[in-house]
Amino acid sequence: MSRFSLSVRLTLFFSLIVLLVTTTLSAVVFYQFGEKINQQIERNLTDTADHKAAEISNVLLFERTNLLSWRASSVMLDVVVDDLDKRITTELINLKQYYQLQGDLYVFNAAGVLIASTQPDVLKTQLPPAWQTQQDYALVFKHEVPFINGSVIAHVTALKPPQLKTQGYLVMTHSWEDISRLLAPKDSSFALHKAHEGNHGSADLFTANGVQTIEINDDFSERPLWIFDGISYLGSISKSVSVGDFSFQIAAFMPKKLALEPLLELTKNLLLAAALVGVPMIVLVSLLSRLLVTPIKKLTATIRTIEDSNDLSIKVPVSGRDEVADLGHAFNRMTTRLGELFNKFVVVEKELEDLNLSLERQVIDRTQQLQDALLKLQSAQTQLVQSEKMASLGQLVAGIAHEINNPIGAIYANMPPLEEYIDDIKGTVEFAQSCMDETEAQKLNAHMAQIDYTFVTDDLAKLLNSQKQAADRIRNIVLSLRNFSRLDQGEVKTVRLEEGLDSTLQMLHHHYKDRITVEKDYALNEMVECYAGELNQVFMNILANAIQAIPDKGRIFITTAKMNDQAVVSIADTGTGMPDEVRKKIFDPFFTTKEVGEGTGLGLSISYGIIEKHQGMLTVESELNRGTRFIIAIPLRLIKDA
């Protein structure tokens, strides 16, 4: 019976193992990466759909935001009320040129007659039915109107001054061709679905052959394939996006062949890698089998020789005096020596590794301790200096306020009696004139002319008024000093910071109207526990400084937000800004950049103290000729033991 040699059997055995391992690894890699590729394809399609929806939404939201801001401008409301057609047309043309609008702007009066437009030769046109709405804002999607070529998208808003009836309508159009270009197919095809009732309804599919209508249902994501024009596609749909009352979704479709190219490429690469690994491994196994069997054959022959010769001096399993025996003895000695050296090396290496790890940990721990200590020292030093400065100044200011308040109170209280006494003296002089004969009256009039009695009495009233204004100013300074020294603590209340900001803006409105635009982004809208009156004083100081920092026209940006457990208020202006040397001193008491008599230098110092009292932070960012930004951060709830 014939049998395979040991080398052949070893070659076949190890070749089979190599093939099994290669096949198993290829299958595992293909499964894992195939799943990831399929998931990535689905994510890519979803991201593509979301991106395209966001792209269209951004265009529409940008136009909507601009339209509502233009509607609220005083210029637009004034010209519509006065029905000044030319002025409105000029305003619309300027807006279109400045914002580089793709469409046109139209203004209709309350009777629905077009009185101004950036489109020529359409005046006196009646308001189209599609644009007639009772809502404050409406987005009219793809439609047609008689005086515009092609389909358009229209943003319609009513022009309504506060507490008045609707004075007209402001309309912005956008060419549908511009939107359709965004949906033109490239690597992917897109469909636009008006999401009125969930995912039910039809959608317009944009293909290279034109626009088709497809049906979209709730099982969109579970549908494996879509077939258009004889081509299979994979599809995914975006989240619903809303612009006003209008909502839509974008579906993205990619040809299955194109989408599965990475999977096909993976299969080719795995087959190629298996071939490149398997064939050399089989050849290597064959060579190794032969190399392994050859010394065994030689050893077997040697053992048989020993058996034939009965030489008991030759030991087994290593016997004989040939190269195999020498190799065996040398190998045994070598392995024994190497084993000893290796054991010593392992012990020494372990000891060195332990020492290195211990030293690194000690260095890292010590460095971290030093850094923490340095940070704590710097923080403690800063807090100590600020606390000492504010405590000393508080005591000093409290004493000054008390000392000034008494005499100025007396001066202020004496003003009304003094005015009455002067009026009595003037009345007495007039009464004396009426009681004298003509000669005595002439003498008295001559004396009054000599002392310039009329000028003295008139100027005396002006002097009293000036003294009263000075007394008022001193009283205000004393009040600021008392606030600075925290004599008036107020009460803790739970309020909305936005209401305090709006109230402060209302109080300051006459200072900035017609020259400063206030832009608000209120995202906090949450009740905050605080000293409401003192916090409003902070808003008043910062907003008043922002208004004064804008010499001509500019803007003020106010935002509120919630970060972790803190309420954050940001007040920025486009004013003159300040250099670094001024910014570093801005919270120091009595520091001011205003002229003498225009400011006490206490407003921001008091504001800083008020925010500290709220366990918060008041910071400032400023750049010369670029504007200033104050950031207020306070906890939503005060810590009672703080």
Side-chain angles (χ1 to χ4, degrees), residues 378-379 381-383 385-387 389-390 393 480 483-484 497-498 500-502 504-505 507-509 511-524 530 534-564 566-635:
Q378 291 175 344
S379 177
Q381 183 181 11
T382 301
Q383 293 177 1
V385 171
Q386 185 66 19
S387 298
K389 180 173 70 173
M390 297 306 291
L393 287 174
S480 297
N483 287 334
F484 176 73
L497 300 187
E498 290 84 351
L501 288 166
D502 290 339
T504 305
L505 287 172
M507 294 170 60
L508 296 171
H509 183 260
H511 289 293
Y512 68 84
K513 65 178 181 179
D514 298 332
R515 69 182 188 91
I516 297 176
T517 300
V518 178
E519 298 183 12
K520 296 181 285 187
D521 182 9
Y522 293 162
L524 175 60
C530 62
E534 297 183 10
L535 207 55
N536 287 342
Q537 182 181 354
V538 175
F539 296 155
M540 177 68 74
N541 287 334
I542 295 176
L543 286 170
N545 287 340
I547 292 170
Q548 294 173 2
I550 301 175
D552 189 10
K553 291 189 176 182
R555 290 183 292 175
I556 294 177
F557 306 90
I558 305 176
T559 63
T560 63
K562 177 181 178 182
M563 296 182 63
N564 298 326
Q566 286 193 323
V568 180
V569 179
S570 171
I571 300 176
D573 62 69
T574 59
T576 56
M578 63 184 82
D580 288 341
E581 57 269 18
V582 174
R583 179 181 56 80
K584 294 177 181 177
K585 300 179 181 179
I586 198 68
F587 296 120
D588 290 350
F590 305 108
F591 176 79
T592 180
T593 59
K594 300 176 182 178
E595 298 294 334
V596 176
E598 293 184 3
T600 63
L602 293 175
L604 290 178
S605 298
I606 295 172
S607 299
Y608 190 89
I610 291 173
I611 298 305
E612 275 195 335
K613 178 180 177 180
H614 284 79
Q615 306 134 29
M617 291 184 63
L618 175 59
T619 56
V620 60
E621 301 170 357
S622 185
E623 186 176 348
L624 193 61
N625 298 323
R626 296 294 296 274
T628 302
R629 180 187 183 202
F630 284 88
I631 302 173
I632 302 169
I634 61 174

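Of all heavy-atom pairs spanning Ile550 and Arg515, the tightest one is O-NH1, 2.7 Å. Nearest heavy-atom pair across Met540 and Thr504 is CA-CG2, 3.6 Å. Pairing each heavy atom of His614 with each of Pro635, the nearest pair is O-CD, 3.0 Å. Residues Leu508 and Ala544 approach most closely at CD1-N, 4.0 Å, considering heavy atoms. Between Gln537 and Ile610 the shortest heavy-atom distance is OE1-CD1, 3.9 Å. When all heavy atoms of Arg583 and Ser622 are compared, the closest pair comes out as CD-N, 4.1 Å.
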**Q.** Full working for side chain to side chain contact (heavy atoms under 4.5 Å, CB included) between Asn545 and Phe630
**A.** CA-CA 11 Å; Asn545 287 340; Phe630 284 88; 5.5 Å; no
**Q.** side chain to side chain contact (heavy atoms under 4.5 Å, CB included) assessment of Ile558 paired with Leu543
**A.** CA-CA 10 Å; Ile558 305 176; Leu543 286 170; 4.0 Å; yes
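If you take CD1 on Ile547 and NE2 on His509, they are separated by 10.0 Å, rounding to the nearest 0.5 Å. Distance check: Cys530 SG to Gln615 CD gives 11.5 Å after rounding to the nearest 0.5 Å. Taken from CG in Asp573 to CD1 in Ile556, the straight-line distance is 6.0 Å, to the nearest 0.5 Å. How far OG1 of Thr619 is from CD1 of Ile586: 13.0 Å, rounded to the nearest 0.5 Å. Within the model, atoms CD1 of Ile634 and CE of Met617 stand 13.5 Å from one another, a figure rounded to the nearest 0.5 Å. Summarising the geometry, atom CD1 belonging to Ile632 is positioned 5.0 Å from atom CD1 belonging to Ile611; distances are rounded to the nearest 0.5 Å.
Residues passing the salt bridge (charged side-chain N to carboxylate O under 4.0 Å, His left out) test with Asp521, sequence neighbours excluded: none. Ser607 is linked by a side chain to side chain contact (heavy atoms under 4.5 Å, CB included) to Val538, Asn541, Leu618, counting only residues two or more places apart in sequence or in another chain. By the side chain to side chain contact (heavy atoms under 4.5 Å, CB included) test, Asn536 is found to be paired with Phe539, residues two or more places apart in sequence or in another chain being considered. Partners of Phe557 under the ring-ring contact (aromatic ring centres under 6.0 Å, His included) rule, at least two apart in sequence or in another chain, do not exist in this structure. The side chain to side chain contact (heavy atoms under 4.5 Å, CB included) search around Glu498 returns Arg496, Tyr522, Leu524, Asn525, Thr560, not counting sequence neighbours.
Distance alone, capped at 3.5 Å, places no donor-acceptor pair between the Thr574 side chain and the Gly554 backbone.
Side-chain contact between His511 and Ile516 is absent, with no heavy-atom pair separated by less than 4.5 Å. Using a 4.5 Å heavy-atom threshold, the side chains of Lys520 and Leu505 count as touching. Contact check for Val620 versus Phe587: side-chain heavy atoms found under the 4.5 Å cut-off.
Atom CG of Asp580 sits in a crowded spot, with more than 12 heavy atoms from other residues, nucleotides or ligands closer than 6.0 Å.
Within the structure, every pair that satisfies the salt bridge (charged side-chain N to carboxylate O under 4.0 Å, His left out) test and touches residues 548-560, not counting sequence neighbours, is listed here: Glu519-Arg555.
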